[in-house]
Amino acid sequence: MNQTYINELKNHIGAEVTLKGWLYNSRSSGKLVFLQLRDGTGIVQCVVFKPANEELFEQAKSLGQESSIIVTGKVKEDTRSSIGVELDVTGLEIIQNASEYPITPKEHGTEFLMDNRHLWIRSKKQHAVLKIRHTVIKATRDFFDENGFILADTPIFTPAACEGTTTLFEVDYFDDDKAYLTQSGQLYNETTAASLGRSYAFGPVFRAEKSKTRRHLTEFWMVEPEMAYAHLDDVMTLGEGLIKFIVERVLADRREELTVLERDVTKLEAILAQGFPRVHYDEAVKILKEGFAKGELENDFEWGGDFGAPDETYISKQFDAPVFVHHFPAVIKAFYFERDKERPELALGADLLAPEGYGEIIGGGERAFDLEFLEKQIEAHNLPKESFEWYLDLRRFGAVPHAGFGMGIERCTAWMCGIEHVRETIPFPRMLYRLKP
RNA sequence: UGGCAGAUAGCUUAAUCGGUAGAGCGCGUAAUUGUUAAUUACGUCGGUUUCGGUUCGAGUCCGAAUCUGUCAGCCA
């Protein structure tokens, strides 16, 4: 295939190359037409000079936004260009001349852009977000692979809920059976960790929660590591390592995209220099109570409750790194959490709150070890015990202390990008009231 | 699921007390050998979400529905 990509043009100065792509925008100035060509790797300005080839000039002038074209020309150094090079066009092949492309370089509303998501992803900003998402995922995979974790994906069709059925999507599964789309691979991860020692799952999960906020999707991607012979502290150490690895990688590989997004990178750089604070739930409550006393919070937080979005934001504002909050009251956590030996009312769980109001990006903890305790918990949470027999086998055959967590890819990506809403961090977001395109 | 806000041209929007729906962008033509969301001139296209009510008269007031945004709960 005779094709050069725009991000390689610097290596071809003086040479004649063929670029294949789409017309991002065009301008003309008398005897000149400027074609902004994009090919997925970048955007380059292609210049057509009228006196050099009049027919070519007329063709270039006629092109609509997003027309698909193949351009041949000579690569020329030019300091006026943002990428340092331009193309002097000598040949143009029009694959399809598009007209009336709906997304113009001007401003549009959210609803319109979401309805045209299939086209919106061609825009510079969306392009940058998707590339950063790619890097977040690649860094995540590399981190676990390089630290002795084995990828062991868990099923998407599941026979029963791992935390009750109210927030599950139900689907028909042949004959009279029902299946549910998984909301977490966690219970299965515990089984693979018992086989492989350290394992992780990475895939889409589904939540039928009727949440309409900037942090929620009904379908999102989650990475879930699980470690045998591990405790709560190990979860926090692993989570901190993962986040720092991702931040480092994004800063190293996606500078250009962060610039397009006007991300304040000093905020990301700052977190690399320090350990993430680890705040006990009791202490977090104290911080919230002080916040209320100072008039900076509307509600007086009571010990025993779960944090709301304003609470999370307030806690994370006290630090300029992500913060772990640990030892939550057991009553607000799922049935499978291990308890604190000295204070059994506390669960050995830890959540990581991202800075700048991005909220919880990691949730995890140490899993219950004891068979009898788990059986009681399943009963207390009104869960059907027979569905969990296979899970309980883990406590019958070689039970070990083990721990793990889940990290949401979209929330992490939104934070890296510094964008408001997670809907832009996945090519086709699925949300309450939005299933198209 | 609840609170709040909104729905006017392909897009972004304006319209005072209830009285002729207006602009910018886009698109077309022309000018410009250096434009970066190009500019300038001329031109073109066209619209009050739906249903019902009040009124001489409704984009505007009232009621309902639908859709969207946003905040909250829950969560990653």
Side-chain angles (χ1 to χ4, degrees), chain A residues 24-36 43-52 57 61-62 64-65 76 78-83 86 88 98-116 119-120 123-125 163-164 166-167 183-186 202 204-224 239 298-299 305-313 332-334 349 351-354 358-364 405-415 420-423 425-426 431-434 436:
Chain A
Y24 192 73
N25 199 4
S26 71
R27 282 176 288 272
S28 70
S29 176
K31 298 192 172 65
L32 293 169
V33 174
F34 302 101
L35 303 174
Q36 308 283 335
I43 295 177
V44 69
Q45 177 157 280
C46 306
V47 186
V48 185
F49 186 39
K50 188 174 180 183
F57 180 82
K61 248 178 115 171
S62 75
Q65 195 186 348
K76 170 181 89 170
D78 195 309
T79 49
R80 286 165 294 191
S81 157
S82 58
I83 59 167
E86 268 188 358
D88 269 337
S99 61
E100 306 278 315
Y101 182 71
I103 301 181
T104 68
K106 301 284 178 176
E107 270 181 51
H108 299 284
T110 302
E111 186 183 356
F112 175 78
L113 290 170
M114 288 305 295
D115 286 341
N116 288 284
L119 301 175
W120 189 23
S123 306
K124 262 187 201 163
K125 200 177 146 184
E163 299 172 30
T166 49
T167 59
Q183 56 186 175
S184 160
Q186 197 224 294
F202 178 62
V205 294
F206 308 86
R207 308 244 168 125
E209 294 158 3
K210 295 207 166 179
S211 320
K212 277 202 309 183
T213 81
R214 77 172 91 103
R215 303 210 262 259
H216 285 87
L217 298 168
T218 55
E219 176 185 312
F220 66 97
W221 287 66
M222 188 156 68
V223 64
E224 296 177 278
E298 257 181 55
N299 297 311
D306 207 352
F307 304 134
D311 303 321
E312 281 184 358
T313 305
I332 59 171
K333 290 287 171 186
D351 288 352
L352 182 67
L353 307 179
Y358 281 93
E360 187 183 337
I361 54 169
I362 281 179
F405 66 80
M407 183 192 75
I409 291 295
E410 287 75 16
R411 283 190 187 175
C412 182
T413 304
W415 169 41
E420 279 284 293
H421 204 299
V422 291
R423 67 184 157 216
T425 63
I426 183 168
M431 299 181 289
L432 182 64
Y433 307 137
R434 188 171 285 281
K436 290 177 189 171

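Bear in mind that the values here come from a model prediction, so they are computed numbers and not experimental data. Below, chain A is the first sequence line, B the second, and so on; all start at residue 1.
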**Q** Can you tell me which nucleotide in U1(B), G26(B), A76(B) comes closest to the side chain of K210(A)?
**A** U1(B)

**Q** Heavy atoms from C-beta onward define the side chain here; which of A72(B), C75(B), G34(B) lies closest to that of K76(A)?
**A** G34(B)

**Q** With P as the reference atom in both, quote the distance from C25(B) to A72(B) in angstrom, rounded to an integer.
**A** 38 Å

**Q** Is the base of C61(B) syn or anti, where syn means the angle lies within 90° of 0?
**A** anti

**Q** Applying a 4.0 Å non-hydrogen cut-off, can you work out what G109(A) is touching in the nucleic acid: base, sugar-phosphate, or nothing?
**A** sugar-phosphate

**Q** Give Q65(A) one of three labels, base, sugar-phosphate or nothing, depending on what nucleic acid heavy atoms sit under 4.0 Å from its own.
**A** nothing

**Q** Which nucleotide wins on minimum distance to the side chain of H216(A), given the candidates U35(B), A72(B), A76(B)?
**A** A76(B)

**Q** Is a side-chain donor-acceptor pair under 3.5 Å present for Q65(A) with T104(A)?
**A** no

**Q** Could you tell me whether the side chain of R423(A) reaches within less than 4.5 Å of the side chain of R434(A), counting heavy atoms only?
**A** no

**Q** For R27(A) and U33(B), is the shortest distance between a side-chain N/O and OP1 or OP2 below 4.0 Å?
**A** no

**Q** Nearest to the side chain of E111(A), which nucleotide is it out of U33(B), U70(B), C67(B)?
**A** C67(B)

**Q** Given the C1' atoms of U55(B) and G18(B), what is the spacing between them in whole Å?
**A** 9 Å

**Q** At less than 4.0 Å, is any side-chain N or O atom of K106(A) found next to OP1 or OP2 of C25(B)? Yes or no.
**A** no

**Q** Please give the distance between the C1' atoms of C27(B) and G2(B) as a whole number of Å.
**A** 45 Å

**Q** For F202(A), give me all partners under ring-ring contact (aromatic ring centres under 6.0 Å, His included), at least two apart in sequence or on another chain.
**A** W221(A)

**Q** Does E312(A) reach a base, just sugar-phosphate, or nothing at all? Heavy atoms under 4.0 Å.
**A** base

**Q** Say you pick atom P in U13(B) and the same atom in C4(B); how far apart are they, in whole Å?
**A** 23 Å

**Q** For T213(A), report the nucleic acid contact type (base, sugar-phosphate, nothing); a contact means any heavy atom under 4.0 Å.
**A** base

**Q** To the nearest 0.5 Å, how far apart are CZ in R207(A) and CE in M222(A)?
**A** 5.0 Å

**Q** For a quick check of understanding: with a heavy-atom distance under 4.0 Å over all strands, which category does I362(A) fall into, base, sugar-phosphate or nothing?
**A** sugar-phosphate

**Q** If you count heavy atoms of other groups shown closer than 6.0 angstrom to NZ of K333(A), is the number above 12?
**A** yes

**Q** Touch check for S82(A), heavy atoms < 4.0 angstrom, all strands: base, sugar-phosphate only, or nothing?
**A** nothing

**Q** Check whether D311(A) reaches the backbone of G308(A) with its side chain - one donor and one acceptor, N or O, closer than 3.5 Å.
**A** yes

**Q** Quick check for you: among A37(B), A76(B), G69(B), whose closest atom lies nearest to any side-chain atom of T110(A)?
**A** G69(B)

**Q** Between G19(B) and U32(B), how far apart are the C1' atoms? Round to whole Å, please.
**A** 47 Å

**Q** Taking any heavy-atom pair under 4.0 Å as a contact, classify K212(A): base, sugar-phosphate, or nothing.
**A** base

**Q** Any non-hydrogen side-chain atom of K124(A) less than 4.5 Å from a side-chain atom of I43(A)?
**A** yes

**Q** With the criterion set at under 5.5 Å between ring centres and under 30 degrees between planes, would A76(B) be stacked on F220(A)?
**A** yes

**Q** Would you measure the distance from the P atom in C11(B) across to the matching atom in C71(B) and give it in whole Å?
**A** 24 Å

**Q** Taking the nucleotide of RNA chain B with the nearest heavy atom to each, does L432(A) or H421(A) sit closer to the 5' end?
**A** L432(A)

**Q** Give the nucleotide from the list U33(B), C11(B), G73(B) with an atom nearest to the side chain of K31(A).
**A** U33(B)

**Q** Where the side chain of E86(A) meets the backbone of D78(A), is there a donor-acceptor pair that is under 3.5 Å apart?
**A** no

**Q** With rounding to the closest Å, how many angstrom separate the C1' atoms on U49(B) and U68(B)?
**A** 11 Å

**Q** Does Y433(A) make a side-chain N or O approach to OP1 or OP2 of U1(B) shorter than 4.0 Å?
**A** yes

**Q** Measuring only the P atom in each nucleotide, how far is C51(B) from C56(B)? A whole number of Å is fine.
**A** 23 Å

**Q** Looking across every strand, which nucleic acid part, if any, lies under 4.0 Å from D306(A) by heavy atom: base, sugar-phosphate, or nothing?
**A** sugar-phosphate

**Q** Could you pick out which residue, L32(A) or P105(A), lies toward the 5' side of RNA chain B when each is mapped onto its nearest nucleotide?
**A** L32(A)

**Q** As a test of reading the structure: which of A72(B), C75(B), G69(B) is closest to the side chain of R215(A), going by heavy atoms?
**A** C75(B)

**Q** Looking across every strand, which nucleic acid part, if any, lies under 4.0 Å from G359(A) by heavy atom: base, sugar-phosphate, or nothing?
**A** nothing

**Q** Above 12 or not: heavy atoms from other molecules or residues under 6.0 Å from NZ of K210(A)?
**A** no

**Q** Side chain of F112(A) only, please: which of A72(B), C11(B), U32(B) is the nearest?
**A** C11(B)

**Q** Is any side-chain N or O of R80(A) closer than 4.0 Å to OP1 or OP2 of U35(B)?
**A** no

**Q** Which nucleotide in the list C67(B), A37(B), U33(B) gets nearest to the side chain of E107(A)?
**A** A37(B)

**Q** Using Watson-Crick pairs (N1 to N3, plus N6-O4 or O6-N4) and G-U wobble pairs, both distances under 3.5 Å, which stems of at least 3 pairs involve RNA chain B?
**A** B:1-7 with B:66-72, B:10-13 with B:22-25, B:27-31 with B:39-43, B:49-53 with B:61-65

**Q** Base, sugar-phosphate or nothing for K436(A)? Non-hydrogen atoms, less than 4.0 Å.
**A** nothing

**Q** Between R27(A) (side chain) and F34(A) (backbone), is there a donor-acceptor pair under 3.5 Å?
**A** no

